[in-house]
Every structure is written in C-alpha cells, then in structure tokens.
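First the structure, in the form of structure tokens, and then the observations on it.
Letters A, B, ... are given to chains in the order of the sequence lines, protein chains preceding strands, and every chain is numbered from 1.
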Protein chains: 4
Amino acid sequence: MSSSTPQRRGNTRQRIQDVALDLFAEQGYEKTSLREIAERLEVTKAALYYHFKTKEEILVSIFEDQTRPIDEVIEWARAQPATLETKQEMLRRYSNAMVAGAQLYRFMQENQATMRELSIGETVRRRLFTMVELLLKRDAPLTDQVRCVSALFTLHAGMIFLQQVEGDPEETRQAALEVAIDLITQAHHA
Amino acid sequence: MSSSTPQRRGNTRQRIQDVALDLFAEQGYEKTSLREIAERLEVTKAALYYHFKTKEEILVSIFEDQTRPIDEVIEWARAQPATLETKQEMLRRYSNAMVAGAQLYRFMQENQATMRELSIGETVRRRLFTMVELLLKRDAPLTDQVRCVSALFTLHAGMIFLQQVEGDPEETRQAALEVAIDLITQAHHA
Amino acid sequence: MSSSTPQRRGNTRQRIQDVALDLFAEQGYEKTSLREIAERLEVTKAALYYHFKTKEEILVSIFEDQTRPIDEVIEWARAQPATLETKQEMLRRYSNAMVAGAQLYRFMQENQATMRELSIGETVRRRLFTMVELLLKRDAPLTDQVRCVSALFTLHAGMIFLQQVEGDPEETRQAALEVAIDLITQAHHA
Amino acid sequence: MSSSTPQRRGNTRQRIQDVALDLFAEQGYEKTSLREIAERLEVTKAALYYHFKTKEEILVSIFEDQTRPIDEVIEWARAQPATLETKQEMLRRYSNAMVAGAQLYRFMQENQATMRELSIGETVRRRLFTMVELLLKRDAPLTDQVRCVSALFTLHAGMIFLQQVEGDPEETRQAALEVAIDLITQAHHA
DNA sequence: AATGAATGAGGTTTCATTCAT
DNA sequence: GATGAATGAAACCTCATTCAT
C-alpha cells in the first residue's frame, strides 16, 4: 500500500507516485498541487520535474504501472470462448485485480470530470467498453445489456461506496461479486 | 429551464446558475473559472459576486433549487408502508426525478472528489444513505443489501454512463429502471 | 458617544457618520469598506452615495463636524496675550476639547499614514503646528521647543495610549494635563 | 538606511525587505501593493512569494531583522539595578537604537491601526509596556507614571514628528533625549 | 430618500513550469 | 539526482463608484 512504504533512499520516482496517488485520491487531482507533493516528500518541486515532465505525466505513469493486472484480465478473457463460465471467471478475476488497485479505483471514481480531459481518460473508457463487450451476448435485449454494465458498476460500488458503510471490506467485496455474477448470469440466460 | 423562481426579466441570477451548471457539468467544478462563466453571460466577474458571495455558493444554490423533486420522492416514500410495491414505485419516481436534474446528476457523478470537500457533499451523501435505507429490508443478508445499492447505481448508470453509448435515451432509462426494479424485487423475496 | 445613538428615523447622514467613525477608529480607514458601513446600518451602499459623494467625503464631513471645539481653542488662544497663563489655560481647554472628540483622536493617532494622503491631513497638521507656535517662546532654545511639542504629545498619550492601561480615564487625563502644564512651564521659565 | 544599499547581486530577499519598508513607510501598509514592490524591484509578484509566504510575512520579517537592537537595550536594562542612572542610560541607548531603525519607527507611528490587526502588533505593544515598567518607580504617583510614558513619546516625537520640522536631525534628537532624561529624572526624585 | 444591478480596476495568492547550477 | 530562484498566467475575490428607477 502506497502510504506504508517509506523507502528513504534511491527510488524517488516510486515515492513520488505513491505520495501523489495518496493525495490525488484524497483531495482530487486539481486540488492537489505539486508543492504539496514535494513538501510531503521533503524535496523541492524541481525534483519532481527531474523525474516527470509534467503533473499529468505523474498520473499517467501511475496508471501505466498499476493497470497491468486489469489488462491481463481482459487479455485472458479475450483468449477464452465467450461462455457464461468465462464471464463469471472474468468478474472474479476483475474483482481480485481491483483489490490491489483500490486507491486508483477510488481516484477514477471520484475524478471522472478530470479524467475526461486527460489523455488517459480515453484509455480507461475504452477498457471499460471492452469489458462490457466481453460480458455481452450479441444482440441481447437492452435490459440485458444494462445488466452487464450494472454488474461492473456493482463491483465498483462494492469497492468504493460500500466500503465506507459496511463492516468487513472483504466480505462486502464477496457479496458484490456474488450479485454481479448473478446479474451476468441472468443476462446470459434470457 | 432549471427551476421555479419568478424570472420575469433580466433575471441574471437564474442565468448565472444555468450557465454555471452547464460549465460545471461539462468541464468540472475546479476547471471552470468565474471568468468563463462571466464571459459566456457577457457580464463582468464582479456581477457574479453581486448575486453570489462565493463560487461555492453558486453551486450550492443550484443544488438548493434543483434537488427538491428528489427530496419529494424521499418524503413520499417515508409516508408509505415499506412494501415491495412502495419500493418499486419509489424507483420509478426517482428515475423520473432524475430526468429533470440530469445535468446535475452528471455533475455529481463526475465531481465526487470536489463534492466531498464542499459543504453540500455531506447533504448529498446523506440523501443517498436515506434512499438505501428506504429500499432495504431490515436484517437482510449482505448480498441483498448490495442489490439495493446496486439498483440505485444502475439508475445512475442508466442516466449517465449508458446515455453516452446506446441509442434512444428514454428507452435506455426504461431498461435501467426495469433492471433496478428487478434487483430490488429479488432483494425483497430472498 | 457615537455608538450609543441609534436614532432610527430621519437623520441617516448623522448615523452614517457615527457608524463610519466607529469602524474607522476600530479597524482603520482603508480596512473599513463601504459595504461594512452599509451593512451595519442596514441600508445599501448606494444609500451612502446619496448622502456623500465619496468615501473620503464621509471622513472629511466627520472632521468638519467634530473639530470645531479645537478650532475654538486656537481662536481663543490667538486672541489672548502670549503669557504663560494663556498657554496653561490653552492646554486645559485643549484637553477638555479632546474628551468629546476622543474617538476622532484615536482615529488620527492610528491612521497617520492614511491621513497624510488625504486632503484633511494637511489641515490637521497645520492645526498642530499652529498650536505648537502658540505654545512656543520665540527664539527659545531647542530643548524648550521640544518641551512644547512634548506637552501636546503627552496630552495625546494621556487620551489614547494611557487609557488602555491605567484605571480611571478622567484621573489619567488630569495627570497628563498636569505633566503637560509642567512641561510648558519649564519651557517658559528657561 | 534601507534605501541606500544597492546590495550587489542575488540577495533578493533583502532587497524585497528594503523596498517594502520604503514603500510601507511612505504610503502605508495597505496602500502599498505587492505589484508596486515587485515593479520597483523589476521582478514579478510571484518572485515575492518565493521568498515570503504572505504580504504580512514580509512585514514580520522586517521587524524580526530590525528590532534586535531595541531588544538588546531592554535586556541590558533588565540586567542592571533599577537606579536613575540605569534609566537615563537606557533612554540614551534607546535613542541610539532608534536611529538605525528610524524608518521602521516612522512606519509604526503612522500605521498603528494596521499594526493592531497584525500579529506583530502585540509584540510591539508588549515591548513598549516593558520599557515603561523598567522606567517606572514602583508605586509612583500617577503623574510620575505619565512622565515615564511621556519620556518615551518624546523620544519618538523627536525622531518622527520633529524631524519634519526643525533643522538638523541629530541636534533635534539630542534635544529630545535631554528632555526625556529630564522627565525621567523628575519622576524619580518625586 | 434609497435600491438593485452592474462595472472596472485592482488586490493577494497559487499554480505548473523552466533553467542555470 | 536535485536545488534555488524566478516567471507568466490565472485564480478567487473586494472595492469604490455609477446610474436608472
């Protein structure tokens, strides 16, 4: 977890990413200034510019380093036959992948306006569409298409919104996963 | 036409709210400057400050004027017995209420980080919790609780995300409503 | 005392002066805005402009209305022979005159930088010089000239600075007057 | 004298303080804008903010750097027995210390309203009280207490007000010092 | 006698970014 | 691998003032 790795020497680049994500997720991208990041790291702003060309690049680099697990889920699903079992397993794997990138997901959820203007926004949106397509049955009725999207949103809600309410995170995540699988199953059988 | 206040002639206050919401929803709250709003209205920044004390107050006033329909749904639901029919009707009414406030919903969805720091954030969050509680069966298993939350998120997704994809907005909304009602019904029968 | 006259009806002009002086003395001239004055009076800023052409004019009008007693002291002293007794009596009368205009004196003391740029600044300065000249013995040694100035500053200190420290205001004023008379007497006998 | 040091090259922080004090003393604190300071230094406003966090901090830093001599006078006086000779010597040293900080003294004299709202106001006031206490004879009659305060005000008048009138500044200062010592001596013998 | 609406100028402050060292 | 110094643009906001009504 980003905030628990102090690592004084050497890998400043990594430390910048960690602190930046902490702050971006906590306060939002625009409200987080490079001064703030630098201060928390006890370096100067100029040091950030040694490692990254722009503020946006810090964010981009975080995405590049942390979204691989999700891309792997997609690649895996693509290589399988489009059966119900594949889709169910895909949701399971996706839910797992989200655990590691929880903070990044929270960031995405809460900074959609920002994401839209930023270059990665497109990438993320495309990834989401790809997943929906992998879940969908061709020419399914509209309600079933909604169910597929809803399944994904349920996983997200389970990670982000529900965490702030219910008790045990892991239990909540399992429940969300169950509901999501249920939705996709209904969509498949229709 | 966002609200109910008299309007008559030269009602700048109203025009400010309208333009501001347009821009806030389009670009995000922080990325929208008062200069931009003023320019689009062909007034000076100072004119905005005649009508609103701060930038935040513009946003707050928009919420105050536009969230009444949703509050009315909640009040209505509170006055009914907590039957399945009530819950279904509540979702229907909520979905309807969202149509009028579509832009505001998009704003909330995409600016969650901003909302959290702003005073209205709490209000909105509380409203969401209230709705969840009205949908919930006391002591329902966790999965059913997730279903209730998921029903609401589905309506939101139907309004916001899905609109950008599918064909006819109204058809999509109806499909989302159907799925949401389905979810709540499952939760109820469990 | 300005702050104790509410006087709801009619003489708004007077009420503006009272509130303005209260605020000018309390916070300084530049830090007091017309908005503040208007708010405290529960009128609009525009109303102030019905009674006074500019912010500065409010201040000028206060001086015009409140400095007559001091001018009378000067006029009186001018009409007398320049004896020690005259000078002593002049200090006594001046000290008395200061009581009524205490707030205005505090304002002058604390806003000298402002006064210098404002038109009345010159007037006030000239009045001070006039008083010094009336106290001075022609061709007195420099130290005695200092004593005369010092006598006046002692009265001021007795009104403004010392008031914030010692007990009974009236007693303090009398003590300051005594010291001032003492100084002028020494200057005279030298 | 702050305005007469060209300061070679590089030391911007110092130059900012110098120019700022010049302008603050000349026009008053509020009427002096950061734009003005920056322009006179031929740097941008942002450069000022690299060296100082706020406008107030510029002023505070000037005080911190320039009031040490006065604090040393106080410390010295504290370490001596409270004899008349000590008090006389204290006034002499204080008068000397004022020469170096003449501009700062003028600023304080003319911007008391401003000082009161600013954090250093308290510090300055406290310093003044301390000096009065060091000059005072315990349980002296009120008039003698006034004499002590008057002695200090006389020094100030000698530095600020009288300078604008009389001929040679140094001669004036000596005369003021003489009168002040006289006052304190009277207060002591009473 | 006073208001409602607006303006133009200017205020302090913050930001992402650059570059010589 | 990083700093110190600085910039240009722009942000939010406040002010004294005006004028039609």
Of D/Arg35 and B/Ala47, the one whose closest DNA chain E nucleotide lies more 5' = B/Ala47
D/Glu36 and D/Arg40 ion-paired at < 4.0 Å | no
State which of E/dA6, F/dC12, F/dC15 makes the closest approach to the side chain of B/Thr12.
-> E/dA6
Gap between atoms CG and C1', on B/Leu34 and F/dC13 respectively (whole Å) = 9 Å
For A/Glu57 and E/dA16, what is the distance between atoms CD and P respectively, to the nearest whole Å?
-> 15 Å
Is any side-chain heavy atom of C/Met115 closer than 4.5 Å to a side-chain heavy atom of C/Phe63?
-> yes
Which nucleotide, in any strand shown, forms a Watson-Crick or G-U wobble pair with F/dC15, with both distances under 3.5 Å?
-> E/dG8
Between B/Tyr29 and D/Thr44, whichever has its closest DNA chain F nucleotide further toward 5' is D/Thr44
Under-4.0 Å side-chain N/O to phosphate OP1/OP2 contact, D/His51 with F/dA6 = yes
Go ahead and name the base partner of F/dA20; Watson-Crick or wobble counts if both distances stay under 3.5 Å, otherwise write none.
-> E/dT3
Send over the distance from C/Glu42 CD to E/dA1 C1', rounded to a whole Å.
-> 17 Å
In whole angstrom, give the distance that lies between atom CZ of A/Phe52 and atom P of E/dT17.
-> 13 Å
Taking the side chain of D/Ser33 as heavy atoms from C-beta outward, which of E/dG11, F/dA5, F/dC12 is closest to it?
-> E/dG11
In whole angstrom, what separates D/Leu48's CG from E/dT14's C1'?
-> 14 Å
Just wondering, do A/Glu110 and A/Tyr29 contact through their side chains at under 4.5 Å, heavy atoms?
-> no
Nearest listed nucleotide, side chain of A/Val43, among E/dC15, F/dT3, F/dT17 = F/dT3
Atom-pair distance (CD1 on A/Ile37; P on E/dC15), nearest Å = 11 Å
Point-to-point distance, once rounded to the nearest 0.5 Å, from CG of D/Asp18 to CG of D/Leu21 = 7.5 Å
F/dT7 C1' sits how many Å from A/Tyr49 OH, rounded?
-> 13 Å
Given atom NZ of D/Lys31 and atom P of F/dC15, what is their separation to the nearest angstrom?
-> 15 Å
Kindly indicate whether the side chain of D/Ser61, heavy atoms from C-beta on, has any atom under 4.5 Å from the side chain of D/Arg13.
-> yes
Report the nucleotide, chosen from E/dA1, F/dT3, F/dA2, that has the shortest atom-to-atom distance to any side-chain atom of C/Tyr50.
-> E/dA1
On DNA chain E, check which nucleotide each of A/Ala46 and B/Lys45 is closest to and give me the residue with the more 5' one.
-> B/Lys45
Which nucleotide, E/dT12, E/dG4, F/dG4, lies nearest any side-chain atom of D/Lys55?
-> E/dT12
